[in-house]
There are 2 protein chains.
Amino acid sequence: MRVGAKSITIRDVAHEAMVGVGTVSRVLNSGAHVSRATTERVEAAIRRLGFRPNAQARRLLRPHSEIVCFLLSNRDFPHTFHARILQGVENYARSIRQHVIFAAVHYDAGTSPERIPLPPILQERGMVDGLILAGTVYANFLHRIQQMEIPFVAFGNNVMKYEGQRNFDQVSYDAFPGEREATLYTIGQGHRLIAFGGDVSYPWMRVRNEAYLAAMRERNLNPIAFTAPKPALSNLEYGDWLASRALARKPRPTAMIAGNDEVAFGFWRSLRRRGLRIPEDMSLVGFDDREEATLMDPPLTTVRVRKEEVGQACMKMLLERLHHPSMAYSERLLATELVVRETVKGLSRSSATGSAEKERRLPARRKTTANVELPAEG
Amino acid sequence: MRVGAKSITIRDVAHEAMVGVGTVSRVLNSGAHVSRATTERVEAAIRRLGFRPNAQARRLLRPHSEIVCFLLSNRDFPHTFHARILQGVENYARSIRQHVIFAAVHYDAGTSPERIPLPPILQERGMVDGLILAGTVYANFLHRIQQMEIPFVAFGNNVMKYEGQRNFDQVSYDAFPGEREATLYTIGQGHRLIAFGGDVSYPWMRVRNEAYLAAMRERNLNPIAFTAPKPALSNLEYGDWLASRALARKPRPTAMIAGNDEVAFGFWRSLRRRGLRIPEDMSLVGFDDREEATLMDPPLTTVRVRKEEVGQACMKMLLERLHHPSMAYSERLLATELVVRETVKGLSRSSATGSAEKERRLPARRKTTANVELPAEG
DNA sequence: TTCCGTTACGGAACCATTTCCGCATCTTCG
DNA sequence: CGAAGATGCGGAAATGGTTCCGTAACGGAA
C-alpha cells in the first residue's frame, strides 16, 4: 500500500537475523541444513520485519509457477455446467497448492489460428504451467493452443474432434452407459413406445442417441427418434418442437428421452400448457442432472454427469503431464449414471413383458431428495 | 515441453538480430527510439527463434503484475449468482488486459484471523495486485485480509458489516428500490393482502423486508410478514414452510413477496402440490432473477440483480484503487429493478384503491431484533 | 564552423530470489 | 587418531528481463 516504501527483501531479513541470505532462503523453503536455533532466529526476524517473499523473483528460478489457466472458450456461465467444472478444478488445485487463472476467449470456427486472441499472459513464458480447456474447441483453436507449446488437458465432450483423436490429453464423460441405463430403465418400467429427442448435429447428442438406439435394439424395440437439427432454436424451443412432434405421432410415444435437461424442461413446459401432465400422460427423462432437475415438479429423472469430478480429473491429468512430459496422450472417460426421480411412470405389468427379457433389475439408484442447500446468496 | 532445452532469452534474440539487449527490450515494449529497420530485424529474429519473454522476469521489474484474485469465501457455485459475478469480473478484466486468479476459501466465523487459510500466492508479495472478495465476509476474515495490506474491493451484500461501515471499498446492489417497486406493482395490480416471506436473520433479507414494509406503509396497507429465522431449512424448505403459514392465515393473502427466487420456487411447488395454481390462486414475486425464473411456468415476476455489472463494477473499483492508493474508501450501490413476468395476477379494480383503509399502523421502524415474527395484521 | 537537441543504440547495473560452492565444524567408524 | 561423511552456514553466481547512462550520428540554428 505505502507507495514509496522500499519493500523488505531477504537481505534485510538476513541482516536482521545476522545470517546469510542463503540461510534465510533455506528456512523459507525446505528448512533443511539449518539448525533449530538459527531457524528460530530467522523466523523471528521475518515476523519482526513483516517480510513476505517476492513471488516473481521466486518463480524466476523455479521450474514451475504452480499456476494453471482454466480457459473457457465461447461460453458463458448461464449454464452452471462449466462453472461446476471450474469448481472441481479449483478444489483439487487448492488441495495441492496450485492456483487457477480463469480466462475466457471468444473466437470463430473460421478464423485462422494465429488470429485467435489469447490472454496476454499466455503469450509469455513461465507464468502458467499448463492449460485446461473447457468450452467448444474447434480445430483452429486446438492448433492455436498446440502452437503455444504449453501442456494442456481438454474437457473432451465439447471438442469437435474426429473419431478417436488422441494427440492431446482429454477428460470426457461417457454419455453412453448413463443414457443406455436410462433407456433400459424406461423399458423396464413397461414402456415400449419410447422416443428420443435431440439435435444430433452436435456430436455429444449423437452419443446419447446411439446409446438410446443400442438399448432399444437390445430389447428388440423400434426406436422413435426426433433428431433433426434446428440451428435457430434454443434448447427450450427444441423441447417445444419435440412436444408437438411427439404428440402428433401415431401411435403416440409413452415416454420421451430428451437430449438434455433443458430440452426436457422445454418439453415438460410445452406439455403442461397443453394440459398434459408428466408423468401421467407422458414419461420424461433428461440428461446432465442440472440443479433445476430437482426443482421441477415432479423432480426429473435424468442422467447425472459428475461435473466437479470432471474438473478434478482435468487438474489431475494436467499435473501428471507436467510431471511426465513425455507420457503418452490419453483420454480419461468418466461414467455417467441414471438418477431415478419421479418423471417415469411405471406402466402396468400385463403388457410389459413382450420380448424375452429377463427384466434385469437395475440397481435402484438412490432417490435424491431435494438437495440440501447452503444459505442463499444475496 | 522440451525438457533439457535452454529457453531462448532476450540475449539470444539480441545476438541473432545483431543488436543490444536494450534494443530488443524496447522493441518488445514501447517500440520507441528504435528505427524502423532495426525493429523489423528484431521482430524477424524473435519469430525465427520463437522467443517469448519470461513473464516472471518482466514482472520482477514492473510495479504491477496485472493479475487480480477473485476470492470466493464459503461458497460453492450451485447458485449461479457468484459465477455470474466472476464472469463480470473476468469480462471487464480481459478488456483492459488484466488477469484473474480464481480462488476459494473456507473458514469459520469463529476462528481467529491468523488461522484462516489463504491461497499460498497471497502470502507472497507481488503476484496479485489486488483482491475481489465475494461470498460471506465475517469480521475475522475482513481482518485477515486487511492485515495482508493488499488493495481489495468487496462485494458488499454478503459482508457481515455494521451499519454504514466504510473502511474498505465495496460494491453492492441496493435491494430497496427493486423490492419497493415490486411491492408497489403488486399493490397496483389490486392486491391488498400482500405477504412478505424471508428469513430476516440474514442482513440482506432484512433490507428486502424493509423495502416491502416501506411500500406497504406508503399505501397505508397492513404488512403481513413471515420473517422467522429457520436455520435448519433450505430456501426451498423455507418456501414450503411459508406456503403452509400463508394458507393457514385468515384472511388469506392474495400475494406473496418471497425473499428470493429459490424461496419463491419452494413456495410455488408447495402450492402446486396442494392443487393450487399460481397466479390464479395466489400471486408470487421473487428476488434475484435467476435463470430458473424464466423456466418456471408461468415465468416468475421477480426483482433483477445485475450480477455481471456487479462484477464489472468490482473490477473497475479495484483498478481505481490501484491507480489512486490514497483515494477515500467508498461504496458503490447498484440499483435493482422489477422484472414483470406472469406470476402476479391483476385483480378486478372494484375493490382496488380502497381509500377507506386509513388505518394508521404503528410505525414499523427499522427493527434491530428482526427475529420477531410480526403480528399478523395489526 | 560550433553548439545543441534529438534519435538510435549498446551494454552495465539492477531486481529479489535460489542454488551451488567452499569452508568450518562435528560425528562416526575402522 | 585420522579419514570420510554429514551438517551448518556465508556469499557469489545465476535467473531473464527493464532501465539508465553514455556515446555516436545527425540536423538545424546561430
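In what follows, chains are A, B, ... by sequence order, proteins preceding strands, each numbered from 1. What you see is a predicted model; the values in this text were computed from it and never measured.
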Carboxylate-amine/guanidinium proximity below 4.0 Å for A/E320 and A/K316:
no
Please state whether the rings of A/F168 and A/F152 are parallel, tilted or perpendicular, taking 30° and 60° as the class boundaries.
parallel
In whole angstroms, the gap separating C1' of D/dG11 from CD1 of A/I10 amounts to 12 Å
Whole-Å gap separating C1' (D/dG16) and CZ (B/R62):
13 Å
Output the rounded distance in Å from CG (A/N54) to P (D/dT15).
18 Å
For atom CD of B/Q56 and atom C1' of D/dG16, their distance in whole Å:
11 Å
Donor-acceptor pairs under 3.5 angstrom involving side-chain atoms of residues 61-72 of chain A: please list them, not counting sequence neighbours.
residue	atom	partner	partner atom	Å
A/R62	NH2	A/N29	OD1	3.4
A/S65	OG	A/I67	N	3.2
A/S65	OG	A/M127	O	2.7
A/S65	OG	A/D129	OD1	3.2

Measure from CZ on B/R52 to P on D/dG16 and round the result to the nearest Å.
14 Å
d(CD1, B/I8; P, D/dG17) in whole Å
10 Å
Taking the side chain from B/D169 and the backbone from B/S330, do they hold a donor-acceptor pair closer than 3.5 Å?
yes
First-last contacting nucleotides on DNA chain C - partner chain A, under 4.0 angstrom, heavy atom
C/dA16 to C/dC20
Is it the case that atom CZ in B/R52 sees more than 12 heavy atoms from other parts of the structure closer than 6.0 Å?
yes
Minimum heavy-atom separation for A/R144 and A/P113, please, with both atom names.
CD-O, 2.6 Å
Distance in angstrom units between B/D12 CG and D/dG16 P, rounded:
9 Å
Any donor-acceptor N/O pair under 3.5 Å between D/dG17 base and B/R11 side chain
yes
Taking D/dC9, D/dA12, D/dG17 as options, the one with an atom nearest any side-chain atom of A/V21 is D/dA12
Taking any heavy-atom pair under 4.0 Å as a contact, classify B/S25: base, sugar-phosphate, or nothing.
base
Please figure out whether B/M18 or A/A57 has its closest DNA chain C nucleotide nearer the 5' end.
B/M18
Rounded to whole angstroms, how far apart are CZ on B/R59 and P on D/dG17?
12 Å
Identify, residue by residue, the members of residues 30-41 of chain A with a heavy atom below 4.0 Å from DNA chain D, and return them in order of residue number, or none.
A/H33, A/V34, A/S35, A/T38
